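I have placed the structure first, in the form of structure tokens, so that the comments after it can refer back to it.
In what follows, chains carry the letters A, B, and so on, assigned in the order in which the sequence lines appear, proteins first and then strands, with residues in each chain numbered from 1. Scope of the values below: all heavy atoms of this structure, side chains included, with no hydrogens, waters or symmetry mates. Keep in mind the model is a prediction, meaning the values are calculated, not measured.
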There are 2 protein chains.
Amino acid sequence: MADKVTIADVARVAGVSRQTVSNVLNTPDVVREETRRRVLDVVGELGYRVNRAARQMRTGRSQLIAIRIDPDRDGINGSVLDRFLHGLTDSAARAGYRVLLYTADDDRSEVATFEDLLGAYEPDGFVLTGTHHRDPRASWLLDKGVPFVTFGRPWGEEATTRHPWVDVDGSAGTAAATRHLLDAGHTHIGFLGWPAGSGVGDDRRAGWVRALAGAGVDPTGLSRATSDAVADGEAAARDLIDSDPGVTALVCVSDSLAVGALHAARSPGLAWREEDTRPDLPIAVIGFDDTPVAKAVGLTSLSQPLKEAAANCVTLLARILEGTETARASAASPAHVLLEPSLVIRQSA
Amino acid sequence: MADKVTIADVARVAGVSRQTVSNVLNTPDVVREETRRRVLDVVGELGYRVNRAARQMRTGRSQLIAIRIDPDRDGINGSVLDRFLHGLTDSAARAGYRVLLYTADDDRSEVATFEDLLGAYEPDGFVLTGTHHRDPRASWLLDKGVPFVTFGRPWGEEATTRHPWVDVDGSAGTAAATRHLLDAGHTHIGFLGWPAGSGVGDDRRAGWVRALAGAGVDPTGLSRATSDAVADGEAAARDLIDSDPGVTALVCVSDSLAVGALHAARSPGLAWREEDTRPDLPIAVIGFDDTPVAKAVGLTSLSQPLKEAAANCVTLLARILEGTETARASAASPAHVLLEPSLVIRQSA
DNA sequence: TAATTCGTCTTGAACGTTCAAACCCACGGA
DNA sequence: TCCGTGGGTTTGAACGTTCAAGACGAATTA
């Protein structure tokens with residue numbers, strides 16, 4: 001029912017032309033102080049709001065940032081993206097953008113969605129998550145000259161400098177976790193990770209290796225790799241503990257695996273139960289991502305600064321969109337932000 | 001770089017006028033079969049996509065559905081909204097809509113955001129979550145005649161018929177959970193809930209009362225109310241168990257409280273430990289929402305059909321937007337959908 | 001004094017689409 | 001023969017904004 005207030009209405013009431021009103025809003029420095037105030041008064045009085053669709057027609061800018069929302073894969077880590085999403089929406093709003101969602105089942109269908117969105121809604125830019133080696137989505141966007149930022153490093157070396165990205169330093173996190181355990185007196189510290197080949201997983205493992213090396217501990221035989229499920233984590237933890245009963249602590253690549261490790265540690269298998277001397281919490285466990293699950297079960301975990309990461313994504317994207325630099329120019333010298341995770345200490349370690 | 005292809009391009013190539021192309025896309029029945037095919041061929045060939053901004057200028061329709069994304073409050077239940085959001089994005093896309101996100105700290109700032117969004121992006125409709133008694137957001141939207149659907153019943157009676165809504169039948173869920181426990185031989189079944197006054201909480205409690213009544217059990221003294229945090233749940237569970245040691249099972253209003261109850265059940269307080277005769281799992285516990293946490297700790301819980309709920313929201317909203325009925329007309333006889341949760345049985349019960 | 005520059009403001013056009021109205025032509029009935 | 005009808009198509013205008021160009025007066029310069 002709210003009768004639309006257009007720029008022409010404002011102009012009429014303020015006694016100026018449409019263009020002057022437009023100038024007041026977009027290039028205030030070009031208009032006389034007194035006129036500007038008068039126009040702004042009328043704007044407030046009438047409750048005028050610029051119509052994005054009309055502006056988009058003229059400028060080609062939609063003030064929309066598109067991002068994919070995943071189905072929660074394993075369930076536990078799903079919440080990480082969601083927290084990021086909230087931060088993104090918040091930061092984007094502050095910068096004058098809104099977040100548009102889309103879904104896609106795989107990289108190919110996501111690229112198809114790019115075409116769809118760009119043709120219809122014309123989002124100004126994209127935020128890509130879950131990047132991986134030779135990501136076809138990034139190459140497609142680069143190819144088309146569409147502005148985008150990734151949350152996650154480009155893991156293939158060759159692409160390392162071709163687009164801006166924000167990431168959290170996983171190896172710094174696991175190194176800090178390992179040092180925390182070393183400081184607590186542990187020496188035999190194991191690692192539960194994913195199979196080699198995933199950038200994120202390999203990076204997190206590297207931090208554990210580095211910290212152990214710093215303390216003069218040989219990591220050989222102290223790690224296991226498995227897929228990211230609670231049951232797998234439990235099995236891997238059992239296997240590791242069985243093969244080396246001296247292990248007193250575990251750093252895990254994810255909270256899923258860590259929860260599995262907790263199960264193994266707290267209600268150990270029969271073979272191991274005999275010699276159990278610490279019935280309440282025999283093995284220290286540290287997870288990664290500080291998910292709600294970690295909070296609920298008292299799991300010490302590494303927390304990613306998701307809000308900050310999201311804010312940086314918006315900043316980098318806005319720099320491309322608003323700066324003089326084009327997407328292509330910024331691809332020549334893209335900006336990176338690498339954030340440090342923080343250790344949230346709970347009962348498990 | 002993809003040079004924009006407009007309706008005029010298609011028209012030129014197909015040898016027809018702009019309007020005919022528009023008709024082919026919007027009112028196909030008015031155009032001759034042969035012409036339609038020819039135009040559609042050209043559309044495919046050139047990869048034409050209707051420009052939403054231009055269409056919006058003319059029709060006032062943006063094909064956008066706006067929804068608020070919350071910060072994950074307590075952390076555990078946050079994922080519920082996120083799963084709903086994914087379903088919504090998916091269903092919306094199928095119906096030709098996209099989902100626009102916004103944040104807000106409270107009802108008042110959310111209403112301010114309504115004004116902002118309606119003035120600038122002109123979303124066609126809103127989906128409101130977390131409705132409560134005398135929700136000012138709903139009244140505001142009703143007042144302005146803005147189409148919307150709520151996920152959650154209007155709990156105040158007087159507003160019950162004024163807008164379409166989708167909800168999950170909480171009392172049916174807790175009743176089913178209670179019956180499940182009764183079938184398993186439990187008779188002293190307690191309830192951990194929220195303080196009276198919240199529509200959702202009272203409803204879920206009612207299901208428990210109903211199921212007990214059906215079995216001839218008096219619920220008096222068997223329930224506790226507390227705020228929604230793990231520690232509170234643990235304390236409330238201890239209190240209940242201490243006061244009535246005969247309690248062998250607990251139905252909880254949320255997974256947060258249920259996880260707390262599990263803590264209480266599995267590592268009971270000292271006073272109670274003495275007489276513990278079932279060391280492994282003395283008390284059956286059932287939660288609500290089937291969050292990732294439930295999955296991780298083996299908690300039996302009630303799962304909301306979120307995907308289906310989201311799909312229904314889109315359907316109801318689309319009916320208002322596309323049907324002949326206006327928002328006001330549909331407010332006269334709004335549609336409701338009440339879905340049943342399902343019990344996901346795990347180790348805890 | 002005339003020409004130039006500058007600051008401020010206005011005017012017409014354009015973005016890509018759809019609405020409303022007009023147009024054209026074949027057909028059937030009077 | 002003429003007119004009315006109706007299916008199929010085209011034409012001009014409009015949505016609300018910003019761009020590009022121009023207009024006007026005052027101040028500055030030649």
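- One atom, CZ of Arg32(A), and another, P of dC24(D), lie 17 Å apart when rounded to the nearest Å.
- Gln19(A) places its CD atom 11 Å from the P atom of dA20(D), with the value rounded to the nearest Å.
- Rounded to an integer number of Å, the gap from CZ of Arg18(B) to C1' of dT11(D) is 7 Å.
- Looking at Thr315(B), its side chain does come within 3.5 Å of a backbone N or O of Ala311(B) through a donor-acceptor pair.
- Residue pairs meeting the salt bridge (Lys or Arg N to Asp or Glu O under 4.0 Å) criterion with at least one member in residues 41-58 of chain B, sequence neighbours excluded: Asp116(A)-Arg49(B).
- In terms of phosphate contacts, Thr35(B) brings no side-chain nitrogen or oxygen within less than 4.0 Å of OP1 or OP2 of dG8(D).
- Interface residues of residues 45-61 of chain A facing DNA chain C, ordered by number: Met57(A), Arg58(A); criterion, heavy-atom separation under 4.0 Å.
- The pair Arg37(A)-Glu34(A) does not meet the salt-bridge criterion, since no charged nitrogen lies less than 4.0 angstrom from a carboxylate oxygen.
- Shortest non-hydrogen contact noted between Val111(A) and Arg137(A) is CG2-CA, 4.2 Å.
- The aromatic ring centres of Trp165(B) and His336(B) sit less than 6.0 Å apart.
- First and last contacting nucleotides of DNA chain C toward chain A (any atom under 4.0 angstrom from a heavy atom, 5' to 3' order): dT8(C) to dG16(C).
- Val314(A) has its side chain out of reach of Leu317(A): every pair of non-hydrogen atoms, C-beta onward, lies at least 4.5 Å apart.
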Check the pair Glu122(A), Lys4(B) against salt bridge (charged side-chain N to carboxylate O under 4.0 Å, His left out), reporting the backbone distance first and the verdict last.
CA-CA 11 Å; Glu122(A) 305 183 288; Lys4(B) 282 192 188 181; 2.8 Å; yes
Start with the C-alpha gap between Gln63(B) and Tyr121(A), add the side-chain angles, then the distance that decides, and say whether side-chain hydrogen bond (donor to acceptor under 3.5 Å, both in side chains) holds.
CA-CA 9 Å; Gln63(B) 309 285 93; Tyr121(A) 293 86; 5.2 Å; no
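- Residue contacts shown for Thr6(B) are limited to sugar-phosphate atoms, with no base heavy atom under 4.0 Å away.
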